[in-house]
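Beneath this line is the structure, given in structure tokens, with notes to follow.
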There are 2 protein chains.
Amino acid sequence: MTAENAENKPETRIQREKREIILEAALEIFSIHGFRGATIDQIAEAASMSKPNLLYYYRSKEDIYAALLHRLLDTWLAPLAEMDAAGDPVQELRRYIRRKIEMARDFPRESRLFANEILRGAPHIANILTKELKPLVDEKADVLRQWMRQGKIASVDPYHLIFALWATTQHYADFDAQIQAVLGPGRSGEGRFEDAARFIEQLFWNGLRPK
Amino acid sequence: MTAENAENKPETRIQREKREIILEAALEIFSIHGFRGATIDQIAEAASMSKPNLLYYYRSKEDIYAALLHRLLDTWLAPLAEMDAAGDPVQELRRYIRRKIEMARDFPRESRLFANEILRGAPHIANILTKELKPLVDEKADVLRQWMRQGKIASVDPYHLIFALWATTQHYADFDAQIQAVLGPGRSGEGRFEDAARFIEQLFWNGLRPK
DNA sequence: TGAATTTTTGACCGATTGGACAAATCCTAA
DNA sequence: TTAGGATTTGTCCAATCGGTCAAAAATTCA
């Protein structure tokens, strides 16, 4: 019988382990080649199993990809979700920038996976974007507006502020090839993430200082 | 005989016209599907010609892609190249931001084409990045440093400043699907580019105001 | 232990894709 | 007008890819 749980029988130990291995391999391959560019053979190879064996755990390439995106989503949105209305705005924004830069440094594959998906028009996660991301961003935009009303940060469009935070931080994962080419061999070490964090903090700290 | 000019015979009128049509079609298809996801048949269809006919003008899919990237590069780098050391820093940066946002609005296909290429590790333009882009950025980083020494803008890392300008502006083309999902139907009209330009100008204007 | 169930695999298939080729048609310049 | 080169197309091919299937091997549990 196939391992796919259309009806919810309990997952066996082997199923849990193998699905884990497959998703890790899929992240590696999909983040490099994109959905279309990746092949099931490559993923199977990276997961050290035969193609039919892999297809025993996930019925199709689409299934693997969808499972991977769903699994990573919460992790991906965690930094924004943790932004706390009750905290100090400067501290909260600083912390958010730090976490996003750390993710660009430590989880570039995840960043590129999502970047590629959005670049293609988000065909697999369109409803996630409107059903989960939008409400979260709406909520945090309210938090930002609250801080603005309290005079703690400058009054700007909160949505574009969030976009700018995303753009500046994720840039270091998604466009790494360009950044390394421009910075050259001298500055392309891991220190660039620290420099980036410092610059971005300074930019937003001065840029949002209340008048 | 093939139309490909290994040796430099003059290009005929038909060759000029057809190559133009092919590259326009290739931009459309490649920017949507990426290099791997696009097919020669799709490009031929979009260019209203048969596949063998298309392959008469460009020997291979790689050739079309390479020709397209090279053709668009100058246009793509023009805004940065035009940043003038002799001009007023605030005006120059403001103008740069405006031009980049206009390009995100008017040439999203070009932006996504390059974004996808960089995301994949820039396999086709690695040497362009180091031979053309890096020198240009080095030159403009010097201009920025000069402005900083003159006390006209705050002292920050000029490279990360350029990265942040790229990131915030190109974001509106490359991640358009996400932005439209988050802003929702009410705000996803063309006005978002104007809002974005205003926000980014304000962010950098305040963020770079000399102390 | 041994039967039932789960897991693994080799062989295979149809569709798609990048590209080759030769024949046919069209242009153009003398 | 016409010869020679430029352009166009129908046909075909080999490789790749997503996925199937039946049978073998391994595991689980009564």
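Proteins get letters first, then strands, A, B, ... in listed order; numbering begins at 1 in each. Note that this is a predicted model, so its numbers are computed, not measured. For the numbers below, each heavy atom of this structure counts, side chains included, while hydrogens, waters and symmetry mates do not.
Judged purely by distance below 3.5 Å, without hydrogens or angles, the side chains of B:Q170 and A:H171 never pair a donor atom with an acceptor atom. Using modelled atom types and a 3.5 Å distance limit, the side chains of B:R120 and B:N116 yield a donor-acceptor pair.
As a whole-Å value, the separation of B:R59 CZ from C:dG19 C1' is 13 Å. As a whole-Å value, the separation of B:Y57 OH from C:dG19 C1' is 18 Å. Atom pair A:Y65:OH and D:dG18:C1' shows a separation of 17 Å (rounding to whole Å applied). The interatomic distance linking B:L55 (CG) with D:dT7 (P) rounds to 15 Å, in whole Å. Straight-line distance from the CG atom of B:L54 to the C1' atom of C:dT17: 14 Å, rounded to whole Å. Here the C1' atom of nucleotide D:dG19 and the NZ atom of A:K61 are 12 Å apart, to the nearest Å.
The one candidate from B:D174, B:D176, B:D106 that meets the side chain to side chain donor-acceptor pair (under 3.5 Å) condition with B:S111 is B:D174.
Side-chain N/O atoms of A:Q15 include one lying less than 4.0 angstrom from OP1 or OP2 on C:dT7. Between C:dT9 and A:Y56, no contact under 4.0 Å exists linking OP1 or OP2 to a side-chain N or O. Under 4.0 angstrom from either OP1 or OP2 of C:dT9 there lies at least one side-chain N or O belonging to A:N53.
Within residues 23-51 of chain B, the residues having any heavy atom closer than 4.0 Å to DNA chain C are, in order of number, B:A38, B:T39, B:I40, B:K51.
For B:F107, the CZ atom is loosely surrounded, since the number of other residues' heavy atoms within 6.0 Å does not exceed 12.
A donor-acceptor pair is defined here as one N or O able to donate and one able to accept, closer than 3.5 Å; such a pair exists between the side chain of A:R112 and the backbone of A:A173. Side chain of A:E92 to main chain of A:M83: no donor-acceptor pair is present (N/O by atom type, distance under 3.5 Å, no hydrogens or angles).
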(request) Please lay out, stage by stage, how B:D195 and B:R192 fare under the test salt bridge (charged side-chain N to carboxylate O under 4.0 Å, His left out). (result) CA-CA 5 Å; B:D195 294 344; B:R192 69 185 182 281; over 6 Å; no
(request) Applying salt bridge (charged side-chain N to carboxylate O under 4.0 Å, His left out), run through B:E194 and B:R98 and close with a yes or a no. (result) CA-CA 9 Å; B:E194 187 54 36; B:R98 283 275 158 187; 3.3 Å; yes
So which protein nitrogen or oxygen atoms get under 3.5 Å of nucleotides 23-28 of chain D's nitrogens or oxygens?
{"from": "D:dT28", "atom 1": "OP1", "to": "A:R13", "atom 2": "NH2", "distance (Å)": "3.2"}

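Residues forming a salt bridge (Lys or Arg N to Asp or Glu O under 4.0 Å) with B:R94 (at least two apart in sequence, or on another chain): B:E201.
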Using distance only, find each side-chain donor-acceptor pair of residues 41-54 of chain A under 3.5 Å and give its atom names and separation, not counting sequence neighbours.
{"from": "A:Q42", "atom 1": "OE1", "to": "A:T39", "atom 2": "N", "distance (Å)": "2.9"}
{"from": "A:Q42", "atom 1": "OE1", "to": "A:T39", "atom 2": "OG1", "distance (Å)": "3.4"}
{"from": "A:S50", "atom 1": "OG", "to": "A:N53", "atom 2": "N", "distance (Å)": "3.3"}

Kindly list each side-chain donor-acceptor pair under 3.5 angstrom involving residues 65-75 of chain B, sequence neighbours excluded, with atom names and distances?
{"from": "B:Y65", "atom 1": "OH", "to": "B:E117", "atom 2": "OE1", "distance (Å)": "2.7"}
{"from": "B:H70", "atom 1": "ND1", "to": "B:A66", "atom 2": "O", "distance (Å)": "2.9"}
{"from": "B:R71", "atom 1": "NH1", "to": "B:E20", "atom 2": "OE1", "distance (Å)": "3.0"}
{"from": "B:R71", "atom 1": "NH2", "to": "B:E20", "atom 2": "OE2", "distance (Å)": "3.4"}

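Overall bending of the helix from C:dT1-D:dA30 to C:dA30-D:dT1, expressed as the angle between end axes built from five pairs apiece, is 10° (10° steps).
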